[in-house]
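Sharing a structure here in structure tokens format.
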Amino acid sequence: MSDVINVAEIFGENVFNDAVMQERLPKKTYKELKKTIEEGKELQATTADVIAHEMKEWAIEKGATHYTHWFQPLTGATAEKHDAFISPPLPTGKVLMEFSGKELIKGEPDASSFPSGGLRSTFEARGYTAWDCTSPAFVKKNPQGTGAILYIPTAFCSYKGEALDQKTPLLRSMEAIDRQSIRLLRLFGNTTSRKVTPSVGIEQEYFLVDRDKYLKRKDLVFTGRTLFGAMPPKGQELDDHYFGAIRERIGAFMRDVNEELWKMGVSAKTQHNEVAPGQHELAPIYAKCNVAVDHNQLVMETLKQVAYRHNLHCLLHEKPFAGVNGSGKHNNWSLVTDDGINLMDPGKTPHENIQFLLVMVCILRAVDMHAELLRESAADVGNDQRLGAHEAPPAIISVYLGEQLEDVLSQLVSTGEAAHSLKGGKLHTGVKTIPDFAMDATDRNRTSPFAFTGNKFEFRMVGSRDSVASPNVILNTIVAESFADTCDYLEQAEDFEMAVHDLIKKYATEHQRIVFSGNGYSEEWVEEAKRRGLPNIRTMVESIQYLCDEKSVQMFERFHVFSRAELESRAEIKYEAYAKAVNIEARSMIDIASKHIIPAVIRYVTALATSVNQVHQASSLADTSVQDDLLVEASRLLTETKTALQKLVDVMNGVGDRAEGKEQAYYFMEQVVPAMENLRKPVDELEMIVDKNMWPMPSYGDLLFEV
């Protein structure tokens, strides 16, 4: 890496973006491709051949020898298979570097070995990847400069056309929200906007630990989180890590991450220390929804790869350490027209902005009607340990509007009219050398899972390692439904203005229960939410069923986002994913406790007992009460550990009696997880007693503070 980074010069240098296409493609080809991107026009084979040739030539100039169709199967990660730009050898023994339009548009990876939830059998191997031309191709270079690969973002579907990935339903949902948003805009007299696109900005939280210490923690290696671990004397209680000075080693890591992301066109903008020690955040500038999803996958991959080069390890698990904040990602979502209109911009007088008020109450309606689906979209094994733990949004979906919009909503409900909007005042610091400045009309609420933050909604429940495709599919589709129902009504109205007025009041009144501006962490809110009839879905397993209830199926099929079979397959995959993740965690606990912790404690107890005997032999009058107490306490906890370990083994032996899928997932949640917690408790207490030199793994203090 160079010492000085010229961001403007390097940004997007490895991206086959619009500027590169304009420069390299014939004008006619460029115009045809733009029509495909902007209007969904079918791409002709001859046009695809020209694009493929120029893309290959550009990639080779960047050092690429291979290309890959880069896709996002239902594993939570990305997938890629590399093919070289070579044709069959000529009679001379030479090869040509070739890449056809057919190879650009379509790939054929094996579909049988990816999760399909029954859509594909093992013997049904054919699957297709299809070029997503709305997300730019890019070259990813080896950091040592020894090679590069052309990455082509694609969708992944089965031979019968079912979606086997995260991107296909995302693109479908984007088309749905586009169609219904345009309908809504036309009702308000907008005849110029041609397209509405969800705009998304994703804040990514993560932990960094020293790699050498990481490798000594088999729980981190196997599961991504610590299954055992006592809190160090200092945690996050002083709030001194949040926005604190970035340590030199971490700063060097962040610098290299930024440089790699900028070259691939990811607009990484914000970096800072997060609340927990060892925790950090990276946030890019907003991008079109599917591009933002692709970029977030690149962010996660780059964080892990660059960490390795710095002898660090990046932990993306939602709760890698008990007792300190876990990690999530905030999904900032808005709707923007192709001519720059943000449908969620309230303007200076939101009470007079009828179009905005209608959009706002439509979103309230969507979230209230489908709160269970939105909760499910953030469901993850790791998120079960994070959500509602006084550090992240609660598991109860609610909407925070802020004082200004909540006041407008209150006026609409009580009188049917909104006559005024609260104004922001001046902030007076009391320091003469610091100028006064205008305050926003509303504060923020960091405990809200779905908060309005000026001109967008911030969905804060998503887990740190999860794809953000799922929550955006849900958001796009439920709001598309709300817009569609609204348009169906208004298009038939004789008096449009009166109909809009009545509908805004109706939605505001019927769905005001979803609005909450208080402390989402409080027990009082749990009781209040119950009184309001809001669902409190505490675990991933409990949330999965809502994918396939009749209300969800009808909505998704109405907008051609998912078929019933695709929803059922996803539910099956998620039940299996939960069971497999907890199975690995439980087996890891058994392995670590049996082979490492119990032997270490036995060595400590034996050494302590030997020491006591030696002291007594030297002097029968010596006071060994402290050693005796430690010996008794350690022996008690050792017995408790062995009992809890055996209980976990017994519970795990019962897994095979349960049918795979939903039944097995519930068994893991109800039986295995509590048994794991019971094993952890005495082990963590033992860590506070046993000589550190005898403890078989680095402590929380070693991991969180020695980076």
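Values below: every heavy atom of this structure, side chains too, minus hydrogens, waters and symmetry copies. Here, residue 1 is the first one in the sequence, and each next residue gets the next number.
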inquiry  = Is it the case that the side chain of Asn190 and the backbone of Thr192 share a donor-acceptor pair, with hydrogens and angles ignored and the cut-off at 3.5 Å?
reply    =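 Checked: pair present.
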query = So which of Gln271, Lys269, Lys263 actually passes side-chain hydrogen bond (donor to acceptor under 3.5 Å, both in side chains) with Asn258?
reply =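 The single option meeting the side-chain hydrogen bond (donor to acceptor under 3.5 Å, both in side chains) with Asn258 is Gln271.
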query = Between Thr134 and Asn290, is any side-chain donor less than 3.5 angstrom from a side-chain acceptor?
reply =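 A pair is found: one side chain offers a donor N or O, the other an acceptor, under 3.5 Å apart.
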query = With no hydrogens and no angle check, do the side chains of Tyr507 and Thr486 hold a donor and an acceptor under 3.5 Å apart?
reply =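 Short answer, yes.
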Short N-O contact, Lys34 and Glu39, less than 4.0 angstrom =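 Between Glu39 and Lys34 there is no salt bridge, as every charged N stays at least 4.0 Å from the carboxylate O atoms.
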message = Quick check for you: to the nearest 0.5 Å, what is the distance between Gln355 atom CD and Asn353 atom CG?
response =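 If I round to the nearest 0.5 Å, the distance is 6.5 Å.
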message = Between Asp488 and Arg558, does any side-chain N to carboxylate O distance fall below 4.0 Å?
response =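 Judged by the 4.0 Å cut-off on N to carboxylate O distance, Asp488 and Arg558 do form a salt bridge.
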Salt-bridge contact Arg24-Glu57 (side-chain N to carboxylate O under 4.0 Å) =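 Result for this pair is no, no salt bridge flagged.
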key: His69-Thr129 side chain donor-acceptor pair, cut-off 3.5 Å   =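 There is such a pair between these side chains.
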request  = Looking only at non-hydrogen atoms, find the nearest pair between Arg179 and Phe559 and report the distance.
outcome  =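 It is NH2-O, 4.1 Å.
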ask   = What residue among Tyr151, Trp58, Phe16 forms side chain to side chain contact (heavy atoms under 4.5 Å, CB included) with Val139?
value =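 With Val139 as partner, side chain to side chain contact (heavy atoms under 4.5 Å, CB included) holds for just one option, Trp58.
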query = Cut-off 3.5 Å, side chains only: do Thr46 and Asp49 have a donor facing an acceptor?
reply =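 On atom types as modelled, these side chains do not qualify, holding no pair under 3.5 Å.
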query = Should Lys167 and Val293 count as side-chain neighbours, where that means a heavy-atom distance under 4.5 Å?
reply =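 The answer is no; the side chains never approach within 4.5 Å.
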query = Taking the side chain as C-beta and beyond, is there a heavy-atom pair between Met344 and Trp333 under 4.5 Å?
reply =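 Sidechains of Trp333 and Met344: in contact.
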request  = Give a yes or no on whether Lys551 atom NZ has more than 12 heavy-atom contacts from other residues, nucleotides or ligands under 6.0 Å away.
outcome  =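 Above 12, so yes.
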query = Going by the angle between their ring planes, with limits at 30° and 60°, are Phe356 and Phe452 parallel, tilted or perpendicular?
reply =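 Tilted, since the angle between the ring planes falls between 30° and 60°.
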task = Run the numbers on Phe99 and Tyr67 for ring-ring contact (aromatic ring centres under 6.0 Å, His included), then give the verdict.
result = CA-CA 9 Å; Phe99 183 50; Tyr67 70 92; 4.5 Å; yes
message = Quick check for you: to the nearest 0.5 Å, what is the distance between Lys574 atom NZ and Ser543 atom OG?
response =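 Here the interatomic distance stands at 7.0 Å.
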request  = Check step by step if ring-ring contact (aromatic ring centres under 6.0 Å, His included) holds for Phe457 and Tyr400.
outcome  = CA-CA 9 Å; Phe457 279 95; Tyr400 173 77; over 10 Å; no
task = Would you check if there is a donor-acceptor pair between the side chains of Ser464 and Gln204 at a distance under 3.5 Å?
result =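 Result is no, nothing qualifies.
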ask   = Do Leu282 and Leu261 touch side chain to side chain, with heavy atoms closer than 4.5 Å?
value =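 Counting from C-beta outward, Leu282 and Leu261 do come under 4.5 Å.
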ask   = Quick check: does any side chain N or O of Thr36 sit under 3.5 Å from a backbone N or O of Gly40, one acting as donor and the other as acceptor?
value =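 Answer holds: no.
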query = Would you say Met264 and Lys140 make side-chain contact, with heavy atoms under 4.5 Å?
reply =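 The answer is yes, as the side chains (C-beta and beyond) meet within the 4.5 Å cut-off.
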message = So which atom in Gly101 and which in Ala52 form the shortest heavy-atom distance, rounded to 0.1 Å?
response =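 That closest heavy-atom pairing would be N-CB, 3.6 Å.
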request  = Apply side chain to side chain donor-acceptor pair (under 3.5 Å) to Glu80 and His82, showing your working.
outcome  = CA-CA 6 Å; Glu80 55 194 69; His82 301 172; 2.9 Å; yes
query = Is there a donor-acceptor contact under 3.5 Å from the side chain of Asn455 to the main chain of Asp345?
reply =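 Answer holds: no.
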query = How about Gln22 and Asp18: does a side-chain donor come under 3.5 Å of a side-chain acceptor?
reply =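 A pair is found: one side chain offers a donor N or O, the other an acceptor, under 3.5 Å apart.
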ask   = Hey, mind stepping through Ser563 and Glu557 against side chain to side chain donor-acceptor pair (under 3.5 Å) and telling me if it holds?
value = CA-CA 5 Å; Ser563 66; Glu557 291 193 330; 5.5 Å; no
task = Could you please spell out the steps behind the side-chain contact (heavy atoms from CB on, under 4.5 Å) verdict for Leu185 and Leu343?
result = CA-CA 9 Å; Leu185 290 175; Leu343 273 60; 4.3 Å; yes
message = Side chains of Asp132 and Leu171, heavy atoms from C-beta outward: is any pair under 4.5 Å?
response =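 Yes, at least one pair of side-chain atoms sits under 4.5 Å.
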ask   = Does atom CD of Glu550 have more than 12 heavy-atom neighbours from other groups under 6.0 Å away?
value =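 For Glu550, atom CD is crowded (more than 12 foreign heavy atoms under 6.0 Å).
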message = Pairing donors with acceptors under 3.5 angstrom, does anything connect the side chains of Asn331 and Glu203?
response =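 Note: Asn331 and Glu203 side chains miss the donor-acceptor criterion.
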Closest heavy-atom pair and its distance - Cys133, Leu33 =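 Shortest heavy-atom separation between Cys133 and Leu33 comes out as CB-CD1, 4.3 Å.
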ask   = Do Asp294 and Gln72 touch side chain to side chain, with heavy atoms closer than 4.5 Å?
value =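 Answer yes - side chains close enough.
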query = Using 4.0 Å as the upper bound for N to carboxylate O, is an ion pair formed by Lys329 and Asp466?
reply =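 No.
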key: Sub-4.5 Å side-chain heavy-atom contact between Phe556 and Ile474   =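 Touching, per the 4.5 Å side-chain cut-off.
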query = In terms of side-chain heavy atoms, does Thr47 have a donor or acceptor partner in Glu32 at a distance below 3.5 Å?
reply =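 A donor-acceptor contact under 3.5 Å links the two side chains.
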query = Is the number of heavy atoms from other residues, nucleotides or ligands under 6.0 Å of Arg194 CZ greater than 12?
reply =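 No, not enclosed.
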key: Which atom of Val367 lies closest to which atom of Phe450, heavy atoms considered   =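 Taking Val367 first and Phe450 second, the nearest heavy atoms are CG2-CE2, 3.7 Å.
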query = Going by heavy atoms in the side chains, are Met55 and Leu150 under 4.5 Å from each other?
reply =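 Yes - at least one pair of side-chain heavy atoms lies under 4.5 Å apart.
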query = Would you say the side chains of Glu103 and Ser100 form a donor-acceptor pair under 3.5 Å?
reply =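 The criterion, which ignores hydrogens and geometry beyond distance, is satisfied for Ser100 and Glu103.
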ask   = In terms of side-chain geometry, is the basic nitrogen of Glu42 or Lys35 positioned less than 4.0 Å from the acidic oxygen of its partner?
value =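 Answer for the salt bridge query: no.
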message = Can a side-chain donor-acceptor contact be found between Glu372 and His370 if the only test is distance below 3.5 angstrom?
response =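 The criterion, which ignores hydrogens and geometry beyond distance, is not satisfied for Glu372 and His370.
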